[in-house]
Amino acid sequence: MKNKTSLAKGTRDFGPKIMLRRKYILKTIETEFQSYGFLPIETPAIEQLDTLSGKYGEEGDKLLFKILNSGNYLKGVDPVDLYESNYKNLAHRICEKGLRYDLTVPLARFVAMNRQELVFPFKRYQMQPVWRADRPQKGRYREFWQCDADVIGSGSLLFEADFVNLIDQVFTKLGISYRLELNNRKILEAIANRYIPAEKFTEFVILLDKLDKVSFDTLVPEFREIGIMEKDLDDLKDFLIVEKLTSVVLEKLRKAFSYSEKGIEGCNELLTVLELFTLSRPNENVFLNLSLARGLDYYTGTIFEVKAKNVSIGSILGGGRYDNLTGVFGLPDVSGVGISFGIDRIYDVMDELNLFAEHSEQKTKALFCHFDEKGRKYNQKISSSIRSAGIFCEVYPDFKKLPKQFDYAESKGIEWVLISGEQELENGTISYKNLLTKEQGTTEPAKLIELIHPKSERGE
RNA sequence: GUGAUUGUAGCUCAGUUGGUUAGAGCGCUUGAUUGUGGUUCAAGAGGCCGCGGGUUCGAGUCCCGUCCUUCACCCCA
């Protein structure tokens, strides 16, 4: 029986073992989100293609999954386009919907549509899958989950500081050694203004982003191409520091920006963020990286990026401040800031570094065993009472030999087996064995709860 | 989108210059053992060699296409 079926490229099934771990990551993040006052929303997987198109740049548009119209999707199609395989024209004719590419644009749409009912600043979190028609590779999937928290409708730098703390709490809980890099779009603008005309800013930013992977020197030809003078190259190279974020570093930087108000503003913002997060949680993992740019060009202020130490898998979190995200949906001048955890990559990091603990609290604790219909009925009754007491348990479904039933318990990691045979039924008792400690005996059903989950462990 | 790479039993993998009936380990089923698991021993089941075409007397093996895997680029979580 050969498996002729296969998964769509870049998608994955998750078995129980993996799901328990994914749920654990999700739960850890969700708890932190909630503790900072973020409230959940969900939006549809499917959006109008118009909502998504043009929000992610030319590259992003190519990566959008489009959904073929229902019914006769060829109605109204220009035969010339068909004949000439003019797929770009066709796509928007025959596809009016698409799968969401991230959670930020749907949020912007949501806020614009529901602005009357929302309390501002609106703090929401959202944990849902997103889809990108990318070629899969390490740490990159076509379907993956993002866990976003955003604050809409406030320019307060307090939220940037909150995010720094929140990020630290999540990764500390998960046991991941990380490095949080910050930058500010205003600082980038100030640097760019030093060397090149404003219209080259985007190209400049894309180049800076590459410095993460390749050395400055290999990019020199491209820097020249966008108009950086030969004499300025060394100056730029010295400028692009990566250092621990401290007030001393920011002070130095601010002096270097004496020519640029924007630059000074960016420094002041980072200084405020530093002060605020340090008040609640000093953090040694925060760095200032002046070449951190991030491709998404809607960012206007602080930029966040987190990488795991000791694993090469790209960033596991990204985020930043944007001043006009909802503008295209008819709600201008609303400032927001947000971050996004990539839990598929976080999973890969934890898997590679062996950071997953056994999550035994989620497993079945006891298995009821028996030999015949009478015993099964007896067990069925007892099981429901200990289940009501909060003990995860299950009743063996068939009448098989005891070793089989033990094997089942063993392979599911069930600690206790409870046996009801002729003897036990006659005396109104039940036999038990702990597969880990080998402790065994016979007791009354009413005492099972205390046996399996003693008060001392319950903390009562 | 560009360039590579992979696919043989449930899993991990052998399979010679193309040559009878495609193998191993682990796992699975049954028994030794009809109320006490993980060990041991014995027997057994399980494969259209990813799919489609081609070359050949003959293809798991060579060629072409396609799908999935993995990886780099682009870009990103």
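Within every chain, numbering begins at 1; the chains are lettered A, B, ... in the order of the sequence lines, protein sequences first and strands thereafter. Values below: every heavy atom of this structure, side chains too, minus hydrogens, waters and symmetry copies.
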Base B:G1 paired with A:E59 side chain (donor-acceptor, <3.5 Å)
no
Has A:Q137 got a side-chain N or O lying under 4.0 Å from the OP1 or OP2 atom of B:U70?
no
To the nearest angstrom, how far is A:K213 atom NZ from B:C74 atom P?
6 Å
A:D407 has an atom CG; how far is it from atom P of B:U29, in whole Å?
8 Å
Going through the checks in order, is the ring-ring contact (aromatic ring centres under 6.0 Å, His included) test met by A:F33 and A:Y125?
CA-CA 7 Å; A:F33 283 167; A:Y125 73 87; 5.6 Å; yes
For B:U21, the Watson-Crick or wobble counterpart (both distances under 3.5 Å):
none
Is the phosphate of B:C68 approached by A:K9 (side-chain N or O, under 4.0 Å from OP1 or OP2)?
yes
When you measure from the side-chain N and O atoms of A:K401 to the phosphate of B:U30, is any distance below 4.0 Å, counting only OP1 and OP2?
no
Any side-chain N or O of A:K433 under 4.0 Å from OP1/OP2 of B:G35?
no
Is there a side-chain polar atom (N or O) of A:R140 under 4.0 Å from OP1 or OP2 of B:C71?
no
Between A:E47 and A:R109, does any side-chain N to carboxylate O distance fall below 4.0 Å?
yes
For A:C393 versus A:I386, what's the shortest heavy-atom pair and its separation?
SG-CG1, 3.8 Å
Give a yes or no on whether a salt bridge exists between A:R179 and A:E305, defined as a side-chain N under 4.0 angstrom from a carboxylate O.
no
